[in-house]
Each structure stands twice: as C-alpha cells, then as structure tokens.
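Nothing here was measured: the structure is a model prediction, and the numbers come from that model. Numbered from 1 within each chain, the chains take letters A, B, ... in sequence-line order.
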2 protein chains.
Amino acid sequence: MAKKVTIATVAKYAGVSRQTVSNVLNTPEVVREETRRKVYEAVEALGYRVSQAARQMRTGRSRLIATRIESTGDGINGSVLDRFLHALTESAARSGYRVLLYTAADDDAEIATYEDLLGTYKPDAFVLASTHHRDTRTTWLTERRLPFVTFGRPWDAPDRHLWVDVDGASGTEDATRHLLEAGHERIGFLGWPAGSGVGDDRRQGWLRAMAAAGQDTTGLDHACPDRVAEAEAVVGELLGRDPAPTALVCASDSLALGALQASRALGRPLAVTGFDDTPVARAIGLTSVSQPLEEAAARCVRLLTRLLDGEAEAEESVLLRPSLVVRDTTYPPT
Amino acid sequence: MAKKVTIATVAKYAGVSRQTVSNVLNTPEVVREETRRKVYEAVEALGYRVSQAARQMRTGRSRLIATRIESTGDGINGSVLDRFLHALTESAARSGYRVLLYTAADDDAEIATYEDLLGTYKPDAFVLASTHHRDTRTTWLTERRLPFVTFGRPWDAPDRHLWVDVDGASGTEDATRHLLEAGHERIGFLGWPAGSGVGDDRRQGWLRAMAAAGQDTTGLDHACPDRVAEAEAVVGELLGRDPAPTALVCASDSLALGALQASRALGRPLAVTGFDDTPVARAIGLTSVSQPLEEAAARCVRLLTRLLDGEAEAEESVLLRPSLVVRDTTYPPT
DNA sequence: TTGAAAGCGCTAACAC
DNA sequence: GTGTTAGCGCTTTCAA
C-alpha cells in the first residue's frame, strides 16, 4: 500500500505551507495564481486526495447522502426504484457526494435508522422514496431540521418540505388520449384500491381525459391489488360483461400484464396501457408511461446541494412530466 | 438539533474517565462488570453513538463496504443484482458495516473510482459482482492487497481471491432433469453465445443431465443474445423444424420469456424453464432456477469481516446450490 | 482496572 | 497572500 500522502506531503512537495494547500483546495480564489498551480501539480504528482474523515471532523459534513434500498416487492414495479437509485448515485457523484444505503422494514424502523446513521456516519442529507399518506418519516426529519428531499409528493398536506415527483395524472391522461385517438370509446381504468396517493393520482388522469372527450365512465373504474394474477382474474371477469371495455388504462405494468394475459386467455382483444415502462413492458411490447427517472434523481441532488449550501429558500419542488412510450401490441377496437 | 454527546459526555454522566468508556465500547472484557453497566446506562440515557469519522481517524477503518450499482440493462435479469444489493445492505448492517454505492461504465472507470474512494472515504472492502473473463478489477485490487470478495467466480484462473457464487450448472441440470421426468426427450438448450463464464456454466448442466439420461444433444444447443425479441425469433425458427424440441432449458428468464412467446404465437406447445426466478417468471408462471441471493450476500459479508478481522486465511470461497421453482405452465410433451 | 497524554488529517481563526 | 495555532472525537500507548 502506497504510503499516506497528506496535506503536509503536498505542502512540502509544493514548497508551501499546509494551510495554503487547504486554501487552494477549499477557497482557491484566495491564493495567488502561481502558487495555486504549484499546489495543483503537487496534488497531481502525489495522487493526493482529501481524507473525508479528517475533513468531516473539522467541517461536520460527510458528503454522504443516505437512502433506503427497498425490497423488490412485486419486482416488476420495483425496478423503477432501482433505476432511480442508479441515477441518484450517478448524480450525487457528479456533485461530490456518495450514496450510503440502508434498509428498513417500515417507517418506524427507518426512523430508528436515521438516529443511528446521524450519530455515526452523519449523512448530510436523506432522500426518501415511496412517500405515502401519514408519512411519519418526513415529520420526524422536519422537526429536527434535517435536510432531505422526497421522490414523491407529500400526499397529505401542502407540506413544508422539498420534493420531486412525476405527474402520474398527466401520464394516464396521455395514455387515455392515445386510446381515444385510436378509436376506442369504452376505455376502462384498472388501478389500485382508493387511498393511495399515487394510485388516485393516476386515476384522475384517466377521468380527466375521458371527461374531456365526453365519455361516460360509469362502470369502467376498477381496482385490485398490484399483482399480476389478481389483475388477470379481475379483467377476466370484466371481459365477460356486456358491454365489455375495449381498452384498459392500467396504473402499473403488473396490472397491465395481468390484463393482457386475461385477454389472450379468453381470445378477447383488449388494448392495454401500463405504467412505468418497466423491462417487462419492453419485453412484451406493452405501451406504457415512462417516468423521467434520471431527471428526477438529478433534481433531487440539485435541491439537496442547494439546501446544503444555504441557497435553499429560493428552491422549489419539482413536478416532472412523464412520456408515453407507444408500442404496437395495442389492439385496434373491435 | 440535540447538542453533541461525545465520549466525554458519557464519561461524566457515568462518573468514569473518557478512556473507560472507550474501553467498554471496544474491549468490554477489560472493564469491571459494574463499571461496564454504568457506562452502558449512560450510553443509553444519552443516546450516545460513536462518531465514525473520529474513530476512523484513529483506527483507519471506515466500516464501509463499497459496491457498484449497475445500470439495469435488460432489466429482467438486472433485478437479480438489485436483490443481491438489498441483501448485501442488510447483511452488512448486521455486521456493523454500511454499503457505499458507486457507478462505473466499465472496468477502467471502476478502477479509477477505487482510487478516488480509497483516497477519500477509505472503504474497508469492496464487493464486486458480474465477474467476467479477463477481469482487470480483481488483479488491480489483488496487487494492492485490498480486501474484496466477488459475487461470481473468477472465470479465468484458479485466482487467489475470495468469491461467492451460485452453481449455475447444477441449476440447469435440475431443470433438465425436471423436464426429463415429465417425459420430454428432445430437450433443447437456449443460452448465450459461448465465451461468457456464466453462460457456459449453465450450458454444462444441461449437457450433464442429457448425457446422464442417454439423450443425444446434437442440434439442440442454441444461443442468442440475452434479449426477449431475439429469443422469440430464434425459437420461432426452431419450432418450424422437424423434429422440433418439445422443451427448452433457457439460460435466463429473458430468453425463456421469448421462447414462451414464440410458442404461443405459433400455437406450438413448448415446455420452458428459465433462470433467476425473476419477477417476470413469477408473473407469467414460468418454471425457473432460483439463486439463493440472501445467502450469497450473507456469505460475502462473512468472508469480508473475517478477512478484515485477520482471521482470513482459514476462509474459503463458497459455491451455493440454486433451487428449481416449479410452476405449472410447463406444458406436457406432445 | 483506570487515567493522562498524544495524535490521526484537516480547516477556521487569526497573526504575520 | 501566507503561515501558525488550535481542536474536531476518538483510540492507543503508557503510567498510576
């Protein structure tokens, strides 16, 4: 292992004092051009890197962003958070931060983890995903004035915290409009049971588009848990009705996959759209709403760095527009 | 923000010296029972947590394990690494370590990241996934005597580093045997082009099982890139031949999904097995080989902690057996 | 067993 | 513009 190269090594090599090196690194504008160059050369030649631990002891900042990695759950939709996490890691690195991972079974466990982390690794900020009604995590963090951003709106109140989210309603609205343009009229919605922020939001988009087109939606709004098998059952029953919907806007790719399987099993054509543009959608050629996850992650990091640099107040939460990825399995109306 | 509680606060509260507190925390057996209890109480009451930064300055150990988060790629198989990462985070936490994330486009970029990370955050160890032929990362780390484990065998040589892996051949062997027992004889294999360690390993299992059953495999070994669409095309062509295979062991769920779609599109029954038991397999009822990822992650952490505690030499790499998850879509032979 | 002293590498204050 | 001093919180000597 190469011997340690500290700020003192660099100073000696460059023929300046330790402090000057520190200055060059942290407030370069305060050092004379030539000195600065000498120091940079020394840093380069020696392969010097600031020790985070030492820096943290002085500044109290760890340049660490902590976030939770979720258990994949259904797994089809889970991949969305994984892609977000990947993008977050990349964005954070670009801003000089690293992502520290933790797991937690529920909100309480997560809060306990905050306490532990804050005492030990002292992350500068948290990124929370999967916000939900009555989210205790955000209130806990807010009360302690800890910097954080959520990927997902606060669904309860016009909360006093920063967030980044994707406009789900706009996504399902696009999907519905796409089906309307293809000539469909009886377009159903398959979502999750009412009460979830995300799910209800996606339902709104469908309602909006249908209303705009002057279509009646009675008897077309359906819900079931986010599992393929259940969706298949529900849709199977649906297709037996008269009149049956000719198209279905789904709140997730899992539901959409179930719907598609039901329609195939019964040999009854059904146009289906999903949500999240997961690998499965790509694989089976399903039209789906795609979230701009890279953009979302980048915005989270940006919000956070501003917040940490004290330029906070000016910043505002962000609502991004998703896009519809059209694939050709969507059957024409019969 | 609660005021800082340091080791000194605890010492005062417990009525002992600072050093005693440190002893209780690091080498409890050296402190008298009663004193120890007092200190623990103080720690509890004050909610004290050791500062990692300070500890690291003294000990040089960060209690950080660094690992790469990959871009989801195909996404169907990508979920395997995500589940592994989740499990790794959990296992690491149980051993008092946290997982630090980074991204890298290729081996060289990854090595550059090692240098950066080692200079700044000083992770105690690395976990590398997706090992491949001519892996420059492992040699780089080995040369510098940096602690690491790979999830995936070193495919080139009987390398001098620790690894944990899952026996892919055993998995496909089980799958093949399962199909044989169901009465199939012309069982094909659909894998990746020769040259990938993982892919070739999985092919071996199929060969082994077929040989054991006295089945001829000529003309039954197929390969294509790991994408659903390509698999669908390949299998579509295959089913047109005479005689066509009645069953297909696939090296991944992506390939299996493609195969299934081809068989459905043509209305030609085909029994298919996949690999990795991804969410998609679960969703569409595909029989698939499941990797024990939690176990694999736990073994990685265990190997690493031993290594870091100096009990290294005794440790050995681990080859785990996967299990076959049988689902009922597997058609009977015709 | 417990306590005192030193120092890990860095940066914020202040002096030069 | 540059150098000196101090100390962040901890653990590792060494002495009591």
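The side chain of B/Thr20 places an N or O atom within less than 4.0 Å of a non-bridging phosphate oxygen (OP1 or OP2) of C/dG3. For the pair A/Thr35 and D/dG1, the criterion of a side-chain N or O lying under 4.0 Å from OP1 or OP2 is not met. Checking the phosphate oxygens (OP1, OP2) of D/dG9, no side-chain nitrogen or oxygen of B/Arg18 falls inside 4.0 Å. The phosphate of C/dT11 has OP1 or OP2 within less than 4.0 Å of a side-chain N or O from A/Ser22.
Per the geometry, CZ belonging to B/Arg32 stands 10 Å off P belonging to C/dG3, to the nearest Å. Remark: P of C/dT2 and CD of B/Glu29 are 13 Å apart, rounded to the nearest angstrom. Rounded to whole angstrom, the span from the CZ atom of A/Arg61 across to the P atom of C/dA12 amounts to 11 Å. A/Asn26 places its CG atom 13 Å from the P atom of C/dA13, with the value rounded to the nearest Å. Look at CG on B/Leu118: it is 17 Å from C1' on C/dG9, rounded to the nearest Å. If you measure from atom CZ of A/Arg36 to atom C1' of D/dT2, you get 14 Å, rounded to the nearest angstrom. The distance between atom CG of B/Asn23 and atom P of D/dT13, rounded to the nearest whole Å, is 12 Å. Rounded to whole angstrom, the span from the CD1 atom of B/Ile7 across to the C1' atom of C/dG3 amounts to 13 Å.
The pair B/Asp135-B/Arg153 does not count as a salt bridge, with every side-chain nitrogen at least 4.0 angstrom from each carboxylate oxygen. Comment: B/Arg299 engages B/Glu295 in a salt bridge, judged by a side-chain N to carboxylate O separation of less than 4.0 angstrom.
Here the rule is side chain to side chain contact (heavy atoms under 4.5 Å, CB included) with B/Val164, and of B/Thr150, B/Val127, B/Val318 only B/Val318 fits it. The only option from B/Leu162, B/Thr142, B/Ile65 that meets the side chain to side chain contact (heavy atoms under 4.5 Å, CB included) definition with B/Phe148 turns out to be B/Thr142.
Of the residues in residues 45-60 of chain A, A/Met57, A/Arg58 come within less than 4.0 Å of DNA chain D through at least one heavy atom, sorted by number.
In terms of position on DNA chain D, the residue among A/Val30 and A/Gln19 whose nearest nucleotide sits closer to the 5' end is A/Val30.
In this structure, A/Arg68 is not positioned above the aromatic face of A/Tyr102 in the sense of NZ or CZ being under 6.0 Å from the six-membered ring centre and within 45° of the axis.
Using a distance-only test at 3.5 Å, with no hydrogens or angles considered, a donor-acceptor pair links the side chain of B/Arg63 to the main chain of B/Gly96.
Looking at heavy atoms from C-beta onward, B/Arg55 lies in side-chain contact with B/Asn26 at the 4.5 angstrom threshold.
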